[in-house]
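Predicted model only: the values in this text are computed from it and were never measured. Hydrogens, waters and symmetry mates play no part in the numbers below; they use all other heavy atoms, side chains included. Just so we're on the same page: letters track the sequence lines, and every chain starts at 1.
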Amino acid sequence: MQEQFSRAESGGAAPGAIIHEDTTVKWFVVSSISYFFIVGIIALIIAAKFVWPDLMGTTAWLTYGRLRPLHVNGMLFGWLLAADMGLTFYIVPRLCGVKIWSEKLGVATGVLWNVIILGAVVSLLLGRNKGFEYGELEMSLSVLVVVAWLMFTANILMTVFQRKYQAMYVSIWYFMGCLLWTAFVYLTGNFATLLATGVNQANLNWMYVHNAVGLIFTPVGLGIAYYFIPRTSNTPLFSHKLSMVGFWSLAFVYVWTGAHHMLHGPISQWLQTIAIAFSLMLLVPVWAVVYNLLITMKGQWHQLRDKVELKFLMSGVVFYLLTCFQGPMHSLRTVNAIVSKTDWIPGHAHMAVLGAFSFFAIAGTYYAAPRVFGKLLHSVALANWSYWMIMIGGLGFFTTLWLGGFWQGWQWNNVSIPFIDTVVALKPIWTVRFISGVMIFVGIVMFAYNIMATVLGPETEAAA
Amino acid sequence: MLRKADTSAVWAIVASLVLFFIGGLLTTVVPPMVDKSWGRPFANADPAKGPTGTLVRLNAQQQQGRDIYVREGCWYCHTQQIRTLLADTKRYGWKGVDAPISTPDEFVYDTPHMFGTKRTGPDLARVGGRYDTQWHRTHFRNPRDLVKGSIMPAFPWIVGNPQEFTALVAYMQTLGRAKDWRPSNDYER
């Protein structure tokens with residue numbers, strides 16, 4: 001397996017090596033970092049609104065209720081999924097030892113994706129919101145997402161079918177899993193929900209919300225981590241067998257857990273119990289993956305000093321471990337009674353999507369962007385600064401929201417405290433969250449600027 | 001067996017879909033067939049069994065109000081569910097009467113559902129009849145005029161549009177009212 005991995009990766013050295021055009025990768029890299037920056041501004045505004053509620057408060061399209069879905073959809077689909085798709089287009093042909101099946105189809109996918117995101121910005125600001133979490137986009141845009149996803153799926157699967165090496169590295173399974181599961185998960189959350197009402201609809205909605213993270217961002221993110229950790233550290237993966245355990249247990253247990261979003265709520269108790277049981281089982285795929293990736297780095301940790309990609313990747317692995325420990329724990333009824341619906345939840349969600357999966361995507365972009373554009377990274381020092389800004393800002397963001405959320409939950413459970421007092425009590429928390437958000441945003445600007453300066457910078461011969 | 005998926009893409013695809021669909025179908029398609037209360041509208045005439053009442057569909061005005069509630073994203077900060085927690089029933093009760101726990105049969109006509117995931121503001125599952133129209137007018141114009149320390153946005157463009165404002169309040173006054181839970185019909189209008 002490792003031999004195949006390094007063979008596929010030996011770049012221009014081997015005779016008759018493939019020259020990858022990577023036009024699709026370029027499209028996705030540039031558009032995803034642009035949205036990371038633009039939507040970062042939206043994120044700052046909504047964090048500021050918690051501290052100064054009258055900020056921009058008399059314009060309909062600048063209110064919290066309009067900007068929040070833009071922040072969520074913009075970050076999930078405009079930045080993270082676009083970056084992940086770009087990296088999939090980068091990795092899969094290299095692991096398969098062939099060119100991408102159709103570069104033209106790939107570019108068309110990238111263009112269509114931009115149309116969708118721009119349409120989302122306009123329609124969400126106008127208040128055209130379907131009313132489902134993560135499923136806000138209006139019907140025409142949801143249909144376009146499905147079309148774009150089918151184009152993406154066809155391209156990647158055809159590349160895999162034409163591969164030169166018979167054995168498939170673990171990243172390829174994760175990418176294929178993501179392609180297939182996403183299709184069904186997205187259809188459930190955006191179309192099947194419309195056929196149901198009430199609790200039945202909510203159950204379909206939570207299946208989508210949970211698996212948007214669990215079966216879209218998790219598999220594609222882990223595929224990226226499984227590729228770039230051995231790649232950037234020049235170290236073979238610790239165990240192929242363990243990666244199988246992680247993948248197939250993920251495939252089986254993740255989808256069962258949607259109802260844990262409604263614990264103590266108006267949904268059948270037995271379904272809540274099933275969701276709790278499977279939420280606990282999530283520890284199996286998570287620990288298998290994390291152990292495998294951590295042990296891969298055994299004796300190689302010193303490399304983190306020099307390689308910014310590894311800093312992001314290994315911090316992402318630790319955040320992944322932490323966020324996926326929180327998940328099963330607050331699916332327990334006793335813990336859930338305290339933290340559910342509090343500010344703990346955005347703390348948890350941000351550690352998954354920003355701390356784990358965006359870290360993987362940032363690392364991949366730092367590695368792939370200079371190579372596909374045939375340039376050297378503009379500034380390694382700036383890249384290190386971006387890491388520390390996002391890391392420290394992120395830690396400030398996560399920890400204050402957990403502490404604040406727990407505190408809020410205790411206050412809610414004491415009914416002698418009026419609700420508004422529990423709001424006022426959290427204002428210091430939201431102030432720290434805003435300051436942490438500014439730090440994260442500065443890190444994002446450094447990252448986006450660094451990549452753009454690389455893209456627009458002078459040609460070099462050092463390209464791999 | 002899964003070893004085959006190492007070298008065969010078709011095997012990998014089939015196996016990952018089969019594993020996915022087992023859990024997928026059992027947790028989304030099967031539950032509403034097993035628990036019929038998800039689809040049966042609330043109706044109770046016997047006080048011995050708890051609050052009486054009937055779930056009715058929203059009229060055109062209330063539906064317009066609900067559409068505004070969806071459009072403005074109220075549901076990002078307000079949940080609509082009294083959970084099986086003592087604190088929920090006490091906190092959202094009224095004059096010493098506990099709020100009844102939310103049950104699936106109260107939400108049969110809801111689409112999109114508005115259960116919510118985050119309580120930046122209080123739960124609204126039983127807010128119907130809690131405040132009168134004048135209170136809502138002042139509150140939507142600027143929440144901080146009534147509730148010091150509130151961080152809710154002001155909605156002057158709704159208050160300034162009598163038709164939208166009336167519709168939104170009409171919708172809010174229906175919330176939680178399928179169950180007639182307050183003694184002697186003590187609801188604000």
*Asks:* Just checking, any donor-acceptor pair under 3.5 angstrom between side chains of A:His264 and B:Asp88?
*Replies:*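 Side-chain D/A pair, A:His264 to B:Asp88: absent.
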*Asks:* Working note: A:Arg128 + B:Arg71, criterion side chain to side chain contact (heavy atoms under 4.5 Å, CB included); need CA distance, chi angles, decisive distance, verdict.
*Replies:* CA-CA 6 Å; A:Arg128 300 181 65 132; B:Arg71 180 187 79 198; over 6 Å; no
*Asks:* Could you check which of A:Ala275, A:Ser416, A:Ala202 has the highest count of heavy-atom pairs closer than 4.5 Å to chain B?
*Replies:*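 Greatest number of close heavy-atom pairs with chain B: A:Ala202.
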*Asks:* With a sphere of 6.0 Å drawn around NZ of A:Lys241, does it hold more than 12 non-hydrogen atoms of other residues, nucleotides or ligands?
*Replies:*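 No.
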*Asks:* Between A:Phe252 and B:Phe20, does the ring centre distance come in under 6.0 Å?
*Replies:*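 Ring-ring flag for A:Phe252/B:Phe20: false, centres at least 6.0 Å apart.
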*Asks:* Quick check for you: among A:Phe247, A:Trp206, A:Phe278, which has the greatest number of heavy-atom pairs under 4.5 Å with chain B?
*Replies:*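 Most pairs with chain B among the choices: A:Trp206.
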*Asks:* Parallel under 30°, tilted from 30 to 60°, perpendicular over 60°: which one fits the rings of B:Phe21 and A:Phe184?
*Replies:*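 Judged by the thresholds at 30° and 60°, the geometry between B:Phe21 and A:Phe184 is perpendicular.
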*Asks:* Report the option among A:Trp248, A:Phe132, A:Trp256 that has the most heavy-atom pairs separated by less than 4.5 Å from atoms of chain B.
*Replies:*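 Of the candidates given, the most pairs with chain B belong to A:Trp248.
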*Asks:* Can you say whether A:Ser340 sits under 4.5 Å from chain B via the side chain, the backbone, both, or neither, judging by heavy atoms?
*Replies:*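 Its backbone and side chain both get close to chain B.
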*Asks:* Please classify the contact between B:Ser8 and chain A as side chain, backbone, both or neither, with a heavy-atom cut-off of under 4.5 Å.
*Replies:*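 Interface part for B:Ser8: backbone (N, CA, C, O).
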*Asks:* Report which part of B:Cys74 has an atom under 4.5 Å of a heavy atom belonging to chain A: side chain, backbone, both, or neither.
*Replies:*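 No part of it gets close to chain A.
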*Asks:* Tell me, side chain or backbone of A:Leu250 under 4.5 Å from chain B's heavy atoms, or both, or neither?
*Replies:*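 Looking at A:Leu250, nothing touches chain B.
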*Asks:* Using non-hydrogen atoms and a 4.5 Å limit, figure out which bit of A:Lys427 sits close to chain B: side chain, backbone, both or neither.
*Replies:*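 Side chain of A:Lys427 only, per the 4.5 Å heavy-atom cut-off to chain B.
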*Asks:* Might you point out which heavy atoms bring A:Val424 and B:Gly149 nearest each other, and give the distance in Å?
*Replies:*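 Smallest heavy-atom distance, with atoms named: CG2-CA, 4.0 Å.
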*Asks:* Using the side chain to side chain contact (heavy atoms under 4.5 Å, CB included) rule, take B:Trp75 and A:Asn129 through it: C-alpha gap first, then chi angles, then the decisive distance, then the call.
*Replies:* CA-CA 11 Å; B:Trp75 46 285; A:Asn129 183 326; 3.4 Å; yes
*Asks:* Identify the two heavy atoms, one from B:Arg119 and one from A:Phe419, that lie closest to each other, and give their separation to 0.1 Å.
*Replies:*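 Looks like O-CZ, 4.0 Å.
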*Asks:* What pair of heavy atoms forms the shortest contact from B:Asp6 to A:Trp173, and how long is it?
*Replies:*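 For B:Asp6 versus A:Trp173, the nearest heavy atoms are OD1-CZ2, 2.7 Å.
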*Asks:* Is the number of heavy atoms from other residues, nucleotides or ligands under 6.0 Å of B:Trp135 CH2 greater than 12?
*Replies:*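 Yes - once you tally the heavy atoms of other residues, nucleotides and ligands closer than 6.0 Å, there are more than 12.
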*Asks:* Can you tell which part of B:Leu26 gets under 4.5 Å to a heavy atom of chain A, answering side chain, backbone, both or neither?
*Replies:*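 Looking at B:Leu26, just its side chain touches chain A.
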*Asks:* Out of B:Thr27, B:Val10, B:Thr79, B:Val70, return the one with the most heavy atom pairs under 4.5 angstrom to chain A.
*Replies:*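 Ranked by contacts with chain A, first place is B:Thr27.
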*Asks:* Do you know which two heavy atoms are closest between B:Phe107 and A:Pro266, and how far apart they sit?
*Replies:*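 Of all heavy-atom pairs spanning B:Phe107 and A:Pro266, the closest is CE1-CG, 4.1 Å.
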*Asks:* CD1/A:Ile267 to CZ/B:Arg83 distance, rounded to the nearest 0.5 angstrom?
*Replies:*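 Reported value, rounded in 0.5 Å steps: 14.5 Å.
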*Asks:* Within residues 152-163 of chain B, which positions have a heavy-atom distance to chain A below 4.5 Å?
*Replies:*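 B:Pro153, B:Ala154, B:Pro156, B:Trp157, listed by number.
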*Asks:* Taking every non-hydrogen pair under 4.5 Å, which of B:Val108, B:Val29, B:Thr117, B:Leu17 racks up the most with chain A?
*Replies:*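 The candidate making the most pairs under 4.5 Å is B:Thr117.
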*Asks:* Mind ranking B:Thr120, B:Leu86, B:Val147 by heavy-atom pairs under 4.5 Å with chain A and telling me who comes out on top?
*Replies:*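 The residue among B:Thr120, B:Leu86, B:Val147 with the greatest pair count is B:Thr120.
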*Asks:* What residue in A:Val423, A:Asn414, A:Asp343 has the most heavy-atom pairs under 4.5 Å with chain B?
*Replies:*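 Max contact count across the listed options: A:Asp343.
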*Asks:* Name the region of B:Pro31, side chain, backbone, both or neither, that has any atom closer than 4.5 Å to a heavy atom of chain A.
*Replies:*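 Both the backbone and the side chain of B:Pro31 come within 4.5 Å of chain A.
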*Asks:* Flag the pair A:Lys341 and B:Asp123 as a salt bridge only when some basic side-chain nitrogen lies within less than 4.0 angstrom of an acidic carboxylate oxygen.
*Replies:*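 Looking at A:Lys341 and B:Asp123, the cut-off is not met.
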*Asks:* For the residue pair B:Ala9 and A:Phe161, what are the closest heavy atoms and their distance?
*Replies:*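 Minimum heavy-atom separation between B:Ala9 and A:Phe161: CB-CE2, 3.7 Å.
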*Asks:* Can you say whether B:Ile151 sits under 4.5 Å from chain A via the side chain, the backbone, both, or neither, judging by heavy atoms?
*Replies:*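 The answer is both parts of B:Ile151.
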*Asks:* Could you tell me whether A:Arg68 atom CZ has more than 12 heavy atoms of other residues or ligands within 6.0 Å of it?
*Replies:*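 Atom CZ in A:Arg68 is crowded, with more than 12 foreign heavy atoms closer than 6.0 Å.
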*Asks:* About how many Å separate NE2 of B:His113 and CG of A:Leu204, when rounded to the nearest 0.5 Å?
*Replies:*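 A:Leu204 CG to B:His113 NE2: 9.0 Å, rounded to 0.5 Å.
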*Asks:* So which part of A:Gln272 gets closer than 4.5 Å to some heavy atom of chain B, the side chain, the backbone, both or neither?
*Replies:*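 Neither the backbone nor the side chain of A:Gln272 comes within 4.5 Å of chain B.
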*Asks:* First locate atom CG of A:Leu194, then atom OG1 of B:Thr111, and finally report the distance between them rounded to the nearest 0.5 Å.
*Replies:*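 It is 6.5 Å, given to the nearest 0.5 Å.
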*Asks:* Which one of A:Ala259, A:Ala192, A:Ala251 has the most heavy-atom pairs closer than 4.5 Å to chain B?
*Replies:*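 Counting heavy-atom pairs under 4.5 Å, the top option is A:Ala251.
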*Asks:* Supply the atom-to-atom distance B:Ile13 CD1 to A:Leu180 CG, rounded to the nearest 0.5 angstrom.
*Replies:*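 B:Ile13 atom CD1 to A:Leu180 atom CG measures 5.5 Å (nearest 0.5 Å).
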*Asks:* Pick one of side chain, backbone, both or neither for A:Thr63, based on which atoms fall under 4.5 Å of a heavy atom in chain B.
*Replies:*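 Only the side chain of A:Thr63 comes within 4.5 Å of chain B.
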*Asks:* Output the distance between atom CD (B:Gln81) and atom CE (A:Met262), rounded to the nearest 0.5 Å.
*Replies:*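 Those atoms lie 5.0 Å apart.
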*Asks:* Looking at OG1 of B:Thr84 and CZ of A:Arg333, how far apart are the two atoms once the value is rounded to the nearest 0.5 Å?
*Replies:*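 Atom-to-atom, B:Thr84:OG1 and A:Arg333:CZ are 8.0 Å apart.
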*Asks:* Checking heavy atoms, do the side chain of A:Ala196, its backbone, both or neither come under 4.5 Å from chain B?
*Replies:*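 Just the backbone, heavy atoms under 4.5 Å.
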*Asks:* Name the region of B:Ser102, side chain, backbone, both or neither, that has any atom closer than 4.5 Å to a heavy atom of chain A.
*Replies:*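 Answer is both: backbone and side chain atoms of B:Ser102 are under 4.5 Å from chain A.
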*Asks:* Of the backbone (N, CA, C, O) and the side chain (C-beta and beyond), which part of A:Arg163 lies under 4.5 Å from a heavy atom of chain B, both, or neither?
*Replies:*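 The side chain, not the backbone.
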*Asks:* Taking it one step at a time, do B:Trp38 and A:Leu271 satisfy side chain to side chain contact (heavy atoms under 4.5 Å, CB included)?
*Replies:* CA-CA 12 Å; B:Trp38 290 18; A:Leu271 190 58; 3.6 Å; yes
*Asks:* Working note: B:Val34 + A:Trp270, criterion side chain to side chain contact (heavy atoms under 4.5 Å, CB included); need CA distance, chi angles, decisive distance, verdict.
*Replies:* CA-CA 11 Å; B:Val34 176; A:Trp270 54 266; 3.8 Å; yes
*Asks:* Can any side-chain N or O of B:Arg91 pair as donor or acceptor with the backbone N or O of A:Trp412 at less than 3.5 Å?
*Replies:*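 Between the backbone of A:Trp412 and the side chain of B:Arg91 there is a qualifying donor-acceptor contact (under 3.5 Å).
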*Asks:* Between A:Pro69, A:Gly57, A:Gly177, which has the largest tally of heavy atom pairs under 4.5 Å with chain B?
*Replies:*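 Most heavy-atom pairs within the cutoff with chain B belong to A:Pro69.
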*Asks:* Do B:Asp110 and A:Thr197 get their side chains close enough for a donor-acceptor pair, meaning under 3.5 Å?
*Replies:*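 No pair is found: no donor N or O on one side chain lies under 3.5 Å from an acceptor on the other.
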*Asks:* Over all heavy atoms of both residues, which pair between A:Ile420 and B:Lys148 is shortest? Give the atoms and the distance, please.
*Replies:*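 Nearest pair, atom of A:Ile420 first, then B:Lys148: CG1-O, 3.4 Å.
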*Asks:* Quick one, B:Arg144 and A:Pro53 - any side-chain contact, counting heavy atoms below 4.5 Å?
*Replies:*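 Yes - at least one pair of side-chain heavy atoms lies under 4.5 Å apart.
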*Asks:* Which residue out of B:Val18, B:Ile101, B:Thr28 racks up the most heavy-atom pairs below 4.5 Å with chain A?
*Replies:*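 Of the candidates given, the most pairs with chain A belong to B:Thr28.
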*Asks:* Answer with side chain, backbone, both or neither: which region of A:Leu215 has an atom nearer than 4.5 Å to a non-hydrogen atom of chain B?
*Replies:*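 When you check distances to chain B, only side chain atoms of A:Leu215 fall under 4.5 Å.
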*Asks:* Does any backbone or side-chain atom of A:Asn205 lie under 4.5 Å from a heavy atom of chain B? Answer side chain, backbone, both or neither.
*Replies:*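 When you check distances to chain B, only side chain atoms of A:Asn205 fall under 4.5 Å.
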